[in-house]
Amino acid sequence: MSGREKGPLTEPMFYVLMSFLRREMCGTEITEFVERKTAGRVRLGPGTLYTLLARFQEEELISETGVDGRKRTYRLTGKGRAVFLEELERLRSCVNDGEEESL
């Protein structure tokens, strides 16, 4: 286990963590990434996004890297990357199980 024992990630949680895989981002960039990546299927309101960012900081999945006025930038930690990859593997297993049963 990666250290996160709070169960599987929700879809918004999964995509927010995914947004940090390649670079640091601020809230607006995260929202745009998620909307673009999911073709608008997942939309993050400010309440959801900033609640997740606070939770992820508390769980040490992300860390703040800069503050410029109200703009805050975050990056994924090693623990956050491990949690994301663990969830990715769990989701792959679910898809594989479903595909086996639907044949």
Side-chain angles (χ1 to χ4, degrees):
M1 286 288 284
S2 61
R4 186 175 197 283
E5 284 96 29
K6 297 184 181 191
L9 299 176
T10 64
E11 194 171 21
M13 293 167 88
F14 180 76
Y15 281 101
V16 169
L17 287 181
M18 182 191 298
S19 72
F20 295 112
L21 289 173
R22 296 185 185 204
R23 67 181 182 96
E24 298 176 355
M25 288 195 179
C26 69
T28 302
E29 293 169 322
I30 296 164
T31 300
E32 290 170 356
F33 171 88
V34 172
E35 190 165 323
R36 186 175 57 253
K37 191 71 174 172
T38 66
R41 182 174 43 82
V42 177
R43 292 184 179 265
L44 296 173
T48 299
L49 176 62
Y50 291 103
T51 297
L52 289 179
L53 292 175
R55 179 184 296 176
F56 288 165
Q57 277 190 284
E58 184 179 299
E59 294 180 19
E60 299 178 344
L61 305 183
I62 63 170
S63 63
E64 190 175 85
T65 59
V67 178
D68 183 12
R70 292 179 56 190
K71 179 181 175 181
R72 296 178 181 275
T73 306
Y74 305 89
R75 71 170 179 82
L76 193 62
T77 64
K79 181 178 178 182
R81 183 174 295 274
V83 166
F84 174 81
L85 293 174
E86 184 178 286
E87 181 66 5
L88 184 61
E89 186 57 35
R90 186 190 74 78
L91 292 170
R92 281 184 179 136
S93 294
C94 290
V95 169
N96 289 338
D97 292 345
E99 287 176 341
E100 283 179 11
E101 289 302 314
S102 67
L103 296 177

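All of these numbers come straight from a predicted model, not from anything done at the bench. Start at 1 with the first residue, then count along the sequence.
The CG atom of Leu17 sits 8.0 Å away from atom CD1 of Ile62, with the distance rounded to the nearest 0.5 Å. Phe84 contributes atom CZ, which lies 12.5 Å from atom CG of Leu61 (distance to the nearest 0.5 angstrom). Taken from CG in Leu44 to OG1 in Thr38, the straight-line distance is 8.0 Å, to the nearest 0.5 Å. Within the model, atoms NZ of Lys79 and OG of Ser63 stand 12.5 Å from one another, a figure rounded to the nearest 0.5 Å. Distance check, rounded to the nearest 0.5 Å: CG of Asn96 to CD of Glu89 gives 8.5 Å. How far CD of Gln57 is from OG1 of Thr77: 10.5 Å, rounded to the nearest 0.5 Å.
Between the side chain of Thr73 and the backbone N or O of Thr65, no donor-acceptor pair lies under 3.5 Å.
Contact between Arg90 and Glu87 at its shortest, heavy atoms only, is NH2-OE2, 2.7 Å. Minimum interatomic distance between Glu24 and Glu29 (heavy atoms only, all atoms of both residues): O-OE1, 4.3 Å.
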- Query: Would Ile30 and Phe20 satisfy side-chain contact (heavy atoms from CB on, under 4.5 Å), going step by step from the backbone distance to the final call?
  - Reply: CA-CA 8 Å; Ile30 296 164; Phe20 295 112; 3.4 Å; yes

- Query: Can you check side-chain contact (heavy atoms from CB on, under 4.5 Å) on Phe14 and Val42, steps first, answer last?
  - Reply: CA-CA 11 Å; Phe14 180 76; Val42 177; over 6 Å; no

- Message: For a side-chain contact (heavy atoms from CB on, under 4.5 Å) check, start with the C-alpha distance between Leu49 and Val34, then their side-chain angles and the critical distance, and finish with the verdict.
- Response: CA-CA 11 Å; Leu49 176 62; Val34 172; over 6 Å; no

- Message: Between Arg23 and Phe33, is the side-chain contact (heavy atoms from CB on, under 4.5 Å) condition met? List the steps.
- Response: CA-CA 11 Å; Arg23 67 181 182 96; Phe33 171 88; over 6 Å; no

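Checked options Arg72, Lys71, Arg75; the residue passing with Glu64 is Arg72 (criterion: salt bridge (charged side-chain N to carboxylate O under 4.0 Å, His left out)).
Contacts of Arg43 classified as side-chain contact (heavy atoms from CB on, under 4.5 Å), with partners at least two apart in sequence or in another chain: Glu35.
Other residues, nucleotides and ligands place no more than 12 heavy atoms under 6.0 Å from the CZ atom of Arg70.
Side-chain atoms of Tyr15 and Met18, non-hydrogen and from C-beta on, do get closer than 4.5 Å to each other.
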